[in-house]
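Attaching a single structure in structure tokens format; questions to follow.
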Amino acid sequence: KLIIDNRLTNQNLTEPQVRIQKDQDSIEVSLPGVANSSQILEILQNTETVEYRLEEPQGQGNYSALIERAEQELMAQGKREETEIVQFQKIVASRPGKKVRDEFLFKMEEKYKIPRDKYKLYAYYARGNKPNSPLLPRRFIVLEKAIALSGNDLTDARPSFNSNNYGWTVSFSLTPAGTEKFLEVTKNNKGRNLSIIWGDQVISNPTINEPIAGGHAEISGSFNQEDAIQLSNIISEGALPIPLSVLEMRFIGPTLGIE
């Protein structure tokens with residue numbers, strides 16, 4: 001119930017109500033005045049997890065640079081359609097399911113001899129420069145296999161506009177346990193990137209600038225308002241521990257009373 005409450009709160013809805021129906025082992029959700037019910041339902045049912053992993057150390061010898069060089073060589077030869085990122089974009093656009101995406105990345109790990117006991121290959125997702133461009137993988141990124149922080153370590157993320165640099169930021173708080181982990185990670189990895197992974201998508205890859213204590217931090221970057229809202233939603237919501245299925249959906253129109 002708490003996770004569903006958080007997800008509805010982040011959508012700025014007017015007085016949503018969540019009630020537990022113990023006799024039916026179900027949850028009733030009322031959304032007054034909502035027109036895009038299918039979109040809200042998709043948000044409520046999402047079971048993707050959120051994780052935080054360190055990117056491999058930067059340098060000429062790292063695996064991400066090796067993949068990028070191979071992609072650039074094909075581009076220089078006029079073979080853009082043969083690049084692995086374009087092939088992967090086509091797979092994602094066709095929506096074949098997670099298994100097919102995983103198999104593609106698995107084969108790439110074999111090709112570039114990425115040690116699976118230490119690293120894992122992901123794709124970084126972003127929108128293009130054109131208006132209304134789709135969210136697609138834009139480059140490959142190699143992250144440490146070890147999870148630095150879990151989605152349950154971070155709470156209460158909020159977007160805000162920074163008038164000093166005229167850009168959007170995302171501020172967040174951490175749990176007591178998360179505060180200790182975050183301090184340790186930021187203290188020992190200054191200058192490295194800490195990726196935010198939603199399901200199997202890297203959606204943000206901020207750089208650690210300094211050790212961060214106190215249980216509060218901020219992510220800055222080239223965000224627009226939509227990006228900042230989406231990232232704060234993902235950080236705040238948490239993951240559903242079980243899948244949800246729709247038992248019944250009803251639409252109730254407005255009624256007039258008699259005076």
Side-chain angles (χ1 to χ4, degrees), residues 3-14 16 34-36 39-40 42-44 46 48-55 58 89 92 122-141 143 148-175 178-179 181-183 185-186 189-239:
I3 293 172
I4 293 175
D5 275 330
N6 288 340
R7 293 186 177 188
L8 291 173
T9 299
N10 287 330
Q11 304 311 309
N12 296 318
L13 301 175
T14 303
V34 170
N36 57 337
Q39 181 182 349
I40 298 298
E42 183 178 345
I43 292 170
L44 292 181
N46 196 300
E48 299 285 20
T49 58
V50 181
E51 297 174 345
Y52 302 81
R53 300 176 191 242
L54 286 162
E55 185 179 357
Q58 295 297 311
Q89 285 177 349
V92 171
Y122 286 88
Y124 183 92
Y125 284 67
R127 300 189 186 279
N129 296 325
K130 296 180 180 179
N132 301 318
S133 61
L135 186 68
L136 287 173
R138 303 294 172 177
R139 63 184 175 89
F140 296 107
I141 182 170
L143 307 180
L149 295 159
S150 76
N152 295 328
D153 290 322
L154 277 72
T155 62
D156 191 31
R158 297 182 182 276
S160 59
F161 185 77
N162 189 325
S163 57
N164 293 325
N165 59 13
Y166 300 102
W168 285 87
T169 63
V170 176
S171 58
F172 60 89
S173 303
L174 297 104
T175 65
T179 298
K181 293 181 189 177
F182 196 58
L183 175 58
V185 169
T186 55
N189 297 282
K190 182 179 178 181
R192 293 183 65 184
N193 296 335
L194 182 63
S195 291
I196 302 174
I197 307 141
W198 184 45
D200 60 355
Q201 304 176 11
V202 174
I203 57 165
S204 186
N205 192 37
T207 301
I208 299 171
N209 293 321
E210 59 186 355
I212 301 174
H216 301 279
E218 181 181 88
I219 302 171
S220 59
S222 55
F223 297 131
N224 58 31
Q225 184 178 12
E226 183 182 354
D227 294 335
I229 291 173
Q230 180 190 39
L231 181 58
S232 62
N233 284 349
I234 289 171
I235 293 173
S236 295
E237 290 164 2

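In this text the structure is predicted, and so the values were computed from the model without any measurement. One-based numbering along the sequence shown.
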Can you list the steps and then say if N193 with Q58 is a side-chain contact (heavy atoms from CB on, under 4.5 Å)?
CA-CA 9 Å; N193 296 335; Q58 295 297 311; 4.3 Å; yes
I would like to know whether N152 and T175 meet side-chain contact (heavy atoms from CB on, under 4.5 Å); could you show each step before the answer?
CA-CA 8 Å; N152 295 328; T175 65; over 6 Å; no
What heavy-atom pair brings G178 and L149 nearest, and what distance separates the two atoms?
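Where G178 meets L149 most closely, the heavy atoms are O-CD2, 4.1 Å.
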Distance check, rounded to the nearest 0.5 Å: L54 atom CG versus I208 atom CD1?
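Rounded to the nearest 0.5 Å, the CG-CD1 separation comes to 5.5 Å.
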Can any side-chain N or O of R158 pair as donor or acceptor with the backbone N or O of S232 at less than 3.5 Å?
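No; judged by distance alone, with no hydrogens or angles, the pair does not exist.
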For A213 and L183, work out which heavy atoms get closest and say how close.
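Looks like CB-CD1, 4.0 Å.
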In Å and rounded to the nearest 0.5 Å, what is the CG to CG distance from D156 to L154?
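Here the rounded value is 10.5 Å.
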Given V50, I203, I141, L143, the one that forms side-chain contact (heavy atoms from CB on, under 4.5 Å) with I197
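For I197, the side-chain contact (heavy atoms from CB on, under 4.5 Å) test succeeds with only one of V50, I203, I141, L143, which is L143.
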Do L231 and F172 come close enough that some side-chain heavy atom pair is under 4.5 Å?
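In short, these two side chains do not touch, never coming nearer than 4.5 Å.
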Hey, are the side chains of P137 and Q89 touching, using non-hydrogen atoms and a 4.5 Å cut-off?
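A side-chain contact under 4.5 Å exists here.
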With a 4.5 Å heavy-atom cut-off, do V92 and Q201 have their side chains touching?
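Side-chain contact under 4.5 Å: no.
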For the residue pair P206 and I219, what are the closest heavy atoms and their distance?
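So the minimum-distance heavy-atom pair works out to CB-CG2, 4.0 Å.
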Nearest-0.5 Å distance, CZ of residue F182 to OG of residue S173:
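With rounding to 0.5 Å, CZ (F182) is 11.0 Å from OG (S173).
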Identify the two heavy atoms, one from T179 and one from G215, that lie closest to each other, and give their separation to 0.1 Å.
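In terms of heavy atoms, the two residues are closest at OG1-CA, 3.3 Å.
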For the atom pair CG (D153) and CD (E51), what is the distance rounded to the nearest 0.5 Å?
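Those atoms lie 11.0 Å apart.
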Verdict with supporting geometry, W168 and D227, side-chain contact (heavy atoms from CB on, under 4.5 Å):
CA-CA 9 Å; W168 285 87; D227 294 335; over 6 Å; no
Taking atom CD1 of I212 and atom CG of L174, what is their separation to the nearest 0.5 Å?
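One finds 9.0 Å between CD1 of I212 and CG of L174.
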If you round to the nearest 0.5 Å, how far is CD of E55 from CG of N189?
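One finds 12.0 Å between CG of N189 and CD of E55.
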Are R53 and V202 close enough that some pair of their side-chain heavy atoms sits under 4.5 Å apart?
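In short, these two side chains do not touch, never coming nearer than 4.5 Å.
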Validation row: Y52, I235 side chains within 4.5 angstrom (heavy atoms)
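Touching, per the 4.5 Å side-chain cut-off.
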Search all heavy atoms of V185 against all heavy atoms of A148 and return the closest pair with its distance.
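Answer, listing the atom of V185 first, then A148: CG2-CB, 4.1 Å.
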Any cation-pi pair here, R139 with Y124, using under 6.0 Å and within 45°?
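Yes, R139 lies over the aromatic ring of Y124.
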